[in-house]
S.K.: 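Following this message is one structure expressed as structure tokens.
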Amino acid sequence: MGIQFGGFDDFGEHLDRIAKSGAAKRNKFVSQEAEVILGHAKDNTPTKTGTLKKAWHRTRAVQGVVEVFNNTEYAAHVEYGHRQTPGRFVPAIGKRLKKSFVPGKKMLHKAMLQSIPTFCDDAKQMMENIFGND
């Protein structure tokens, strides 16, 4: 008397399909989430000339990693804040500076926080697509 187990061949084939299609689906997922964050970052960016807002970009998805960035020279100063010398005249704005510190706008930080509610639902759906029935 013995016990026979079956279905391991089908299970192995299913795991192979997951391994092959999972990486592509993961990259597609992180690319879509990066686009959501990019949109929120652009919405959160203060606008005078539009240069800072237009400079938001993302990298291609590679092994499930995407970077959202802004290479504008002054983007970090707007994001995190900066010190300045009160009383100094700035010809570009035609005024004298009043505060010693200008707080950051936290454009990317806020964008990340705004994307959290939809991220969990999107991740769950992606996992169902990968591990669900093909």
S.K.: Scan residues 92-110 for pairs that pass salt bridge (Lys or Arg N to Asp or Glu O under 4.0 Å), counting only residues two or more places apart or in two chains.
M.R.: none
S.K.: Test of understanding: clusters of I, L, V, M, F, W, Y form through side-chain heavy atoms closer than 4.5 Å, transitively. Do I37 and M126 belong to the same one?
M.R.: no
S.K.: Please name all residues satisfying side chain to side chain contact (heavy atoms under 4.5 Å, CB included) with A24, sequence neighbours left out, ordered by chain then number.
M.R.: none
S.K.: Apart from V36 itself, which Ile, Leu, Val, Met, Phe, Trp or Tyr residues share its cluster (side-chain heavy atoms under 4.5 Å, direct or through members)?
M.R.: none
S.K.: Identify, with sequence neighbours excluded, every residue that meets side-chain hydrogen bond (donor to acceptor under 3.5 Å, both in side chains) alongside Q114.
M.R.: H40, N44
S.K.: Can you name the ring-ring contact (aromatic ring centres under 6.0 Å, His included) partners of F119, sequence neighbours left out?
M.R.: F29
S.K.: Do D122 and Q32 have side chains that get closer than 4.5 Å, going by heavy atoms?
M.R.: no
S.K.: According to ring-ring contact (aromatic ring centres under 6.0 Å, His included), does anything in residues 96-118 pair up with another residue at least two apart or in another chain? List the pairs.
M.R.: none
S.K.: Which residues satisfy the side chain to side chain contact (heavy atoms under 4.5 Å, CB included) test with V90, sequence neighbours excluded?
M.R.: R88, A92, I93, L97
S.K.: Under 4.5 Å side-chain heavy-atom separation, chaining through any Ile, Leu, Val, Met, Phe, Trp or Tyr, what else clusters with Y80? Say none if it is isolated.
M.R.: none
S.K.: For A23, which residues count as a side chain to side chain contact (heavy atoms under 4.5 Å, CB included) partner, sequence neighbours excluded?
M.R.: R26
S.K.: Show every donor-acceptor pair shorter than 3.5 Å between a side-chain atom in residues 63-70 and any protein atom, with sequence neighbours excluded, or say none if there are none.
M.R.:
{"residue": "N70", "atom": "OD1", "partner": "T72", "partner atom": "N", "Å": "3.0"}
{"residue": "N70", "atom": "OD1", "partner": "T72", "partner atom": "OG1", "Å": "2.7"}
{"residue": "N70", "atom": "ND2", "partner": "L52", "partner atom": "O", "Å": "2.9"}

S.K.: Please name all residues satisfying side chain to side chain contact (heavy atoms under 4.5 Å, CB included) with I116, sequence neighbours left out, ordered by chain then number.
M.R.: L113
S.K.: Using the salt bridge (Lys or Arg N to Asp or Glu O under 4.0 Å) rule, collect all pairs that involve residues 46-61, keeping only residues at least two apart or in two chains.
M.R.: E35-R58
